[in-house]
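Just so we're on the same page: letters track the sequence lines, and every chain starts at 1.
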Amino acid sequence: MKYTHHNNELTMNDINKTVFLKGFVRKKRDLGNLVFVDLRDSEGLTQLAFDADNPLKAQAEKLKTESVIEVGGHVRERSSKNPNLHTGDIEIDVDTLHVLSLAKQSPMLIQDDTDALEDTRLKYRYLDLRRPYLQNILKTRHKITATIRDFLNSQNFYDIETPYLTRSTPEGARDYVVPSRNYPGNFYALPQSPQIFKQLLMVGGFEKYYQIARCFRDEDLRADRQPEFTQIDIEMAFVSEDDVMRLSEGMIKALLKKIKGIELKTPFPRLTYQEALKHYGTDKPDTRFAMKLITLNDIFKKTDFKVFKTVLDKGGLIKGLPIKNGAKLYSRKNIDQLTKDVAKYGAKGLAFFKMQDHTLSGPVTKFMSEAELTMFKSITKLEEGDMMLVVADKANTTNAALAYLRNRIAKEQGLIDDNEFDFTWVTDWPMFEYNEEEDRYQALHHPFTKVHDQDKDRIKDAPSDVLAYGYDLVAQGQELGGGSLRIHELTMQNDVFTVLGMDETAIRQQFGFFVDALQYGTPPHGGIAFGLDRLVMILTGTKNMRDVIAFPKTASAHCLLSDAPGEVSDEQLKALGLKRRE
RNA sequence: GGUCCUGUGGUGUAGUGGUUAACAUGCCAGUCUGUCACACUGGAGAUCGCGGGUUCAAAUCCCGUCAGGACCGCCA
């Protein structure tokens, strides 16, 4: 099929040219003795005109919406122009028309303001994808990956693929698992990330590696989490934390310039993990607005207020979220609602303090001494009309609840500028975190993260105090990427495995090949991985991850288009050595 | 695993105990020479997600179930 132009191209400069166009019939306007057809392709719209004396007019009247057609004709000036359309000054006087593919009635309107609900859109994703909105996002996604590849190629990185069929490893997310035909009863696992393989590439002597790699995690989903997602995976030998962060900043800077025309300032600000938690209650703070949390433990050291006293006796945390002019903005009823909403984070209550008529009021003030009130005012620096929401609970609960409130209230009060791009590093992560339910330590980042030099001799003695060379890149309150320097010495790696509760047998069995590799000369190395899907969301202003993926899955990991997952035949099961239960 | 929201012509919605199940859009037919959300006239199109229960009577109330969504847990 030949065509001479796309549908966004023709203008007054092309008058009288003979052209061939193709595309979908977007809309037909039949005025009786005159028929107009909007022709849509991936680039835009062109209007076709069929006059009263055009022998093709009868055929045009019968055209079905979304059919694929091919037309030939010549470009002419419109007698009434459409200033909203790039090709709005011209139209095509058609002299050949072929229907290449007849369309039956579409289950949804193929326009940006489609009225279809998301499950319909996912079932007929190929129709949904015709909408300019999704076309533009996926085109931007392409531009983003192209820019990233250009940037990393220019820095002498090699793009190397790693296996999708690999080995299940303990720790981390639940694996997607693939049965082996050659080894009945054994399974491959799809990678949660290329972590081990990219480290082995460093051992293999490649000093700069990257890959835009698919990753798979069989966990419950969210608006910003899909079961398969894409990472921009980077690893480098002989580098410091600063080297990796500087490279990442260069890449993000190049992206924002190319995609948004924004000149970002580098280096990005840095916060330690401890600072982030202290000021924002979360390891992924939205730093586009202030509203820093204030720790209030000191004020209530000797309090008579039972709720607070109990919390402090158990080593808990009392923190406040200051809200400028909040005293009038938030009524008792509003606060009751916030209290309810914060319960899902485990917070059992929400106290408030209001500064009105230069007096501190609130349900807790009557339990406070004059000295405590004075101290409260001087620590919180509340001004006339301000309010403070206070949570007293286990540290994790207090932080989670207040971090939620901070984001929510900032949104409600319009404190967030959606066009502001704010990238921040969160550094100095603890190596381990204690899991109370399972009564064991877990790696906060992953078990291959290198610990700070000054901590390396006390990994086994004081796991909770050990810090790691880890760094996350946070933007708009989302974790965009994370990385670390990696362990390249066997002793440190073994110490970490030991803290994680693995004895020598377990280490051999699960990571034997990896531990072996470390013993043949391992360049010190480190790297980072960015969530491509989230990056595209931020750069296209999309709230829903499904909109940045061509064929996404539902919140229950179901593909409505192909109806995956589906059953397999008894023959297939037999070949794999598998049996159905019951 | 848990909490909450939603499910009504092709599509999106209205309908809180008795309606001819309403509206918009799309679709079909007709009129129309400058539309571009064309306009106008007429028409077809609904097992009210599914199963059970309450009731003289259920789209509507109750229970269960399925599907979609948001969130908590989970996601090294």
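A heavy-atom distance below 4.0 Å to RNA chain B is reached by these residues of residues 187-201 of chain A, ordered by number: A/Ser193, A/Gln195. In the region residues 59-68 of chain A, proximity to RNA chain B at under 4.0 angstrom, judged on heavy atoms, holds for A/Lys64, A/Thr65.
Look at the C1' atom in both B/rU25 and B/rC66: the space between them is 29 Å, to the nearest Å. On the P atoms, B/rU3 is 34 Å away from B/rC56, given to the nearest whole Å.
In this structure, CG of A/Asn435 is placed 8 Å from P of B/rC74, rounded to the nearest angstrom. The distance between atom CZ of A/Phe50 and atom C1' of B/rC38, rounded to the nearest whole Å, is 17 Å. In this structure, A/Lys81 atom NZ and B/rG34 atom C1' are separated by 13 Å, rounded to whole Å. The NZ-C1' distance, from A/Lys543 to B/rC71, rounds to 17 Å in whole Å. Between A/Asn8 atom CG and B/rC36 atom P there is a gap of 23 Å when expressed in whole angstrom units. Atoms CD (A/Glu91) and P (B/rU35) sit 11 Å apart, rounded to a whole Å. We find that CE of A/Met108 is positioned 18 Å from P of B/rU25, with the value rounded to whole Å. Between the CZ atom of A/Arg222 and the C1' atom of B/rU3 there is a distance of 12 Å, given to the nearest Å.
The nucleotide B/rA59 finds no pairing partner, because no Watson-Crick or G-U wobble arrangement with both distances shorter than 3.5 Å includes it. Base pairing of B/rG64: its partner is B/rC50, meeting the Watson-Crick or G-U wobble criterion (both donor-acceptor distances under 3.5 Å). Nucleotide B/rA22 forms a Watson-Crick or G-U wobble pair with B/rU13, both donor-acceptor distances falling under 3.5 Å.
Using a 4.0 Å heavy-atom cutoff across all strands shown, A/Pro107 reaches sugar-phosphate atoms only and no base atom. Among the atoms of the strands shown, base atoms are found under 4.0 Å from some heavy atom of A/Arg76. Residue A/Leu444 is classed as a sugar-phosphate contact, given heavy-atom separations below 4.0 Å to backbone atoms only. Within the 4.0 angstrom heavy-atom criterion, no nucleotide atom of any strand lies near A/Leu45. Backbone-only engagement by A/Thr554 is indicated by non-hydrogen atom pairs under 4.0 Å involving sugar-phosphate atoms exclusively. Within the nucleic acid shown, A/Ser80 comes within 4.0 Å of at least one base atom, counting heavy atoms only. Residue A/Ala52 is in base contact, counting any heavy-atom pair closer than 4.0 Å across all strands shown. Here A/Asp30 lies in heavy-atom contact (under 4.0 Å) with a base. Residue A/Phe448 is out of contact with every strand shown, counting any heavy-atom pair closer than 4.0 Å. A/Arg26 comes within 4.0 angstrom of no nucleic acid atom, judged by non-hydrogen atoms across all strands. At a threshold of 4.0 angstrom between heavy atoms, the contacts of A/Arg174 with the nucleic acid are absent.
Of the listed nucleotides (B/rC36, B/rC27, B/rG68), B/rC36 has the atom at the smallest distance from the side chain of A/Gln47. When each of B/rG10, B/rU35, B/rC72 is scored by its nearest atom to the side-chain atoms of A/Lys344, the top-ranked nucleotide is B/rC72. Looking at the side chain of A/Ser79, the nearest of the listed nucleotides B/rC72, B/rU11, B/rG34 is B/rG34. Comparing B/rU11, B/rC72, B/rU33 against the side chain of A/Asn33 picks out B/rU33 as the nearest. Listed candidates were B/rA70, B/rU35, B/rC36. Nearest to the side chain of A/Asp38 is B/rC36. Side chain of A/Glu219, nearest nucleotide from B/rG10, B/rG34, B/rC74: B/rC74. The nucleotide whose nearest atom lies closest to any side-chain atom of A/Lys27 is, among B/rG69, B/rU13, B/rA37, B/rA37. Taking the side chain of A/Arg78 as heavy atoms from C-beta on, and the options B/rG34, B/rG69, B/rG68, the nearest nucleotide is B/rG34.
A/Gln413 and A/Tyr330 are linked by a side-chain donor-acceptor pair at a separation below 3.5 angstrom, with hydrogens and angles left out of the test.
Each of A/Leu48, A/Val37, A/Val35 was scored for a side chain to side chain contact (heavy atoms under 4.5 Å, CB included) with A/Leu63, with one residue passing: A/Val37.
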Fill in: CA sep, side-chain torsions, deciding dist, call: A/Gln195, A/Gln199, side chain to side chain donor-acceptor pair (under 3.5 Å)
CA-CA 6 Å; A/Gln195 184 62 37; A/Gln199 291 192 240; 2.9 Å; yes
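In this structure, A/Arg29 does not reach the B/rU35 phosphate: none of its side-chain N or O atoms is under 4.0 Å from OP1 or OP2. Remark: A/His558 is in phosphate contact with B/rG68, judged by side-chain N or O atoms under 4.0 Å from OP1 or OP2. Close to B/rG68, at under 4.0 Å from its OP1 or OP2, lies a side-chain N or O of A/Ser556. In terms of phosphate contacts, A/Lys340 brings no side-chain nitrogen or oxygen within less than 4.0 Å of OP1 or OP2 of B/rC4.
The existence of a salt bridge linking A/Asp341 and A/Arg408 is confirmed by a sub-4.0 Å separation between a basic side-chain nitrogen and an acidic carboxylate oxygen. Checked for salt-bridge contact, A/Asp233 and A/Lys198 meet the test: a charged N lies under 4.0 Å from a carboxylate O. We find that A/Lys57 and A/Asp51 are not joined by a salt bridge, their nearest charged nitrogen and carboxylate oxygen being 4.0 Å or further apart. For the pair A/Arg174 and A/Glu219, the salt-bridge criterion is met [side-chain N within less than 4.0 Å of a carboxylate O]. We find that A/Arg486 and A/Glu235 are joined by a salt bridge, their nearest charged nitrogen and carboxylate oxygen being less than 4.0 Å apart. A/Arg40 and A/Glu66 are joined by a salt bridge, as a carboxylate oxygen and a charged side-chain nitrogen come within less than 4.0 angstrom of each other.
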Worksheet entry | Footprint string (nucleotides 41-49 of chain B, 5' to 3'): B base within contact, S backbone only, - free, heavy atoms under 4.0 Å | ---------
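Between A/Tyr273 and A/Trp429, the ring-plane angle classifies as tilted under the 30° and 60° cut-offs. Between A/Phe448 and A/His446, the angle of the ring planes lies from 30° to 60°, which puts this pair in the tilted group.
Partners of A/Arg458 under the side-chain hydrogen bond (donor to acceptor under 3.5 Å, both in side chains) rule, at least two apart in sequence or in another chain, are A/Asp455. Take A/Thr540 and apply the side chain to side chain contact (heavy atoms under 4.5 Å, CB included) test, not counting sequence neighbours, and it matches A/Ile137, A/Thr140, A/Val536, A/Thr542, A/Val548. Contacts of A/Thr397 classified as side chain to side chain contact (heavy atoms under 4.5 Å, CB included), with partners at least two apart in sequence or in another chain: A/Ala347, A/Asp393, A/Lys394.
Remark: the backbone N or O of A/Val474 is not paired with any side-chain donor or acceptor of A/Asp472 at under 3.5 angstrom.
With hydrogens and angles left out, the side chain of A/Arg225 and the base of B/rC75 share a donor-acceptor pair within 3.5 Å. A donor and an acceptor atom never sit less than 3.5 Å apart when one is taken from the side chain of A/Arg217 and the other from the base of B/rC74. For A/Asp220 against B/rG73, a side-chain-to-base donor-acceptor contact under 3.5 Å is present.
Side-chain contact between A/Tyr471 and A/Leu485 is present, with heavy atoms from C-beta onward closer than 4.5 Å.
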